[in-house]
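Side chains are part of it too, since the values below use all heavy atoms of this structure and drop only hydrogens, waters and symmetry mates.
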Amino acid sequence: MSQSASQAALFYKDVASSGKVWTIKDNGGFPAPKNGDGIRAMPFWSSKSRAEIIIKTVKAYKDFEPVELDLNTFYNYWLKILKTHKQLVGINWSGKKAVGYDIPPDHLITWIDKIRGT
């Protein structure tokens, strides 16, 4: 299993268990860099410690702070905004370049519906 696949599997497991996701922000707002295909992706992590590691590891994020989101806010607000803006969701990015899977918001909307039984 690749590093990105491993991080994605942990994301699903951790979020299903805790009901929380984490992102990061600074005075300028929330990051949504373009990926290799030129599409913006906003990063989310399954734990505060994962977000803090990126802040410590990635120079571009050194002035950011972790932000906790409950699953309802993530589902009802963030995923819908990202879908409307045709942006992707970065899940559990890791490493010095903050890389991982970037997936369409619809994938997470469907997954959350499934774990909620709706």
Side-chain angles (χ1 to χ4, degrees):
M1 180 182 293
S2 73
Q3 178 70 17
S4 293
S6 174
Q7 292 296 339
L10 285 170
F11 180 89
Y12 290 113
K13 178 182 174 268
D14 293 347
V15 172
S17 175
S18 72
K20 297 177 183 178
V21 297
W22 292 83
T23 189
I24 58 175
K25 74 172 186 173
D26 68 1
N27 290 336
F30 298 90
K34 289 183 180 180
N35 67 13
D37 296 324
I39 301 169
R40 294 202 178 274
M42 184 173 171
F44 294 90
W45 292 269
S46 60
S47 69
K48 182 179 183 181
S49 62
R50 291 179 187 284
E52 289 172 333
I53 288 169
I54 288 298
I55 292 167
K56 290 176 187 171
T57 307
V58 179
K59 187 177 180 180
Y61 297 141
K62 70 179 176 75
D63 294 325
F64 283 69
E65 295 181 15
V67 176
E68 178 182 326
L69 303 169
D70 64 66
L71 197 55
N72 287 332
T73 302
F74 181 60
Y75 179 89
N76 291 314
Y77 181 76
W78 288 104
L79 292 177
K80 292 181 180 181
I81 285 177
L82 294 170
K83 181 178 176 179
T84 299
H85 292 283
K86 297 185 173 136
Q87 295 179 349
L88 299 173
V89 180
I91 55 174
N92 274 359
W93 287 355
S94 63
K96 291 183 179 185
K97 294 185 179 182
V99 296
Y101 283 140
D102 297 335
I103 61 174
D106 281 337
H107 289 210
L108 284 168
I109 291 168
T110 300
W111 174 74
I112 292 169
D113 286 340
K114 189 181 290 187
I115 65 170
R116 289 180 169 171
T118 57

| request: Report the C-alpha separation of Phe30 and Val67 in whole Å, then their side-chain angles, then the decisive distance to 0.1 Å, and conclude whether the side-chain contact (heavy atoms from CB on, under 4.5 Å) test is met. | output: CA-CA 10 Å; Phe30 298 90; Val67 176; 4.2 Å; yes
Return the [atom1] to [atom2] distance between [X] and [Y], rounded to the nearest 0.5 Å.
{"X": "Ser49", "Y": "Ile54", "atom1": "OG", "atom2": "CD1", "result": "11.0 Å"}
{"X": "Thr57", "Y": "Lys59", "atom1": "OG1", "atom2": "NZ", "result": "14.0 Å"}
{"X": "Ile115", "Y": "Thr110", "atom1": "CD1", "atom2": "OG1", "result": "12.0 Å"}
{"X": "Lys62", "Y": "Asp26", "atom1": "NZ", "atom2": "CG", "result": "10.5 Å"}
{"X": "Ser46", "Y": "Leu10", "atom1": "OG", "atom2": "CG", "result": "6.5 Å"}
{"X": "Ser18", "Y": "Glu68", "atom1": "OG", "atom2": "CD", "result": "8.5 Å"}

| message | Would you call the rings of Trp111 and Phe11 parallel, tilted or perpendicular, taking 30° and 60° as the class edges? | response | tilted
| query | For Lys83, what residues pass the salt bridge (Lys or Arg N to Asp or Glu O under 4.0 Å) criterion, not counting sequence neighbours? | reply | Asp106
Answer with yes or no whether the hydrophobic clustering places [X] together with [Y]; edges join I, L, V, M, F, W, Y residues whose side-chain heavy atoms lie under 4.5 Å apart.
{"X": "Ile112", "Y": "Ile81", "answer": "yes"}
{"X": "Tyr101", "Y": "Trp45", "answer": "no"}
{"X": "Ile109", "Y": "Met42", "answer": "yes"}
{"X": "Leu88", "Y": "Leu69", "answer": "no"}
{"X": "Ile103", "Y": "Leu71", "answer": "yes"}

Heavy-atom side-chain proximity of [X] to [Y] below 4.5 angstrom:
{"X": "Tyr12", "Y": "Ile91", "value": "yes"}
{"X": "Pro43", "Y": "Pro31", "value": "yes"}
{"X": "Ile55", "Y": "Pro66", "value": "yes"}
{"X": "Val15", "Y": "Phe44", "value": "no"}

| task | Using the test ring pair (Phe, Tyr, Trp, His ring centres under 6.0 Å), find all partners of Tyr75 that sit at least two apart in sequence or belong to another chain. | result | none
Would you find a donor on one side and an acceptor on the other, under 3.5 Å apart, between the side chain of [X] and the backbone of [Y]?
{"X": "Asp37", "Y": "Ile39", "answer": "no"}
{"X": "Asn92", "Y": "Gly100", "answer": "no"}
{"X": "Arg40", "Y": "Ala32", "answer": "yes"}

| said: Under a plain distance cut-off of 3.5 Å, with no hydrogens placed, do Asp102 and Trp93 share a side-chain donor-acceptor pair? | reply: yes
| request: Assess whether side-chain contact (heavy atoms from CB on, under 4.5 Å) is satisfied between Asn72 and Arg116, documenting all intermediate values. | output: CA-CA 11 Å; Asn72 287 332; Arg116 289 180 169 171; 2.3 Å; yes
| query | More than 12 foreign heavy atoms under 6.0 Å from CD of Glu65: is that the case here? | reply | no
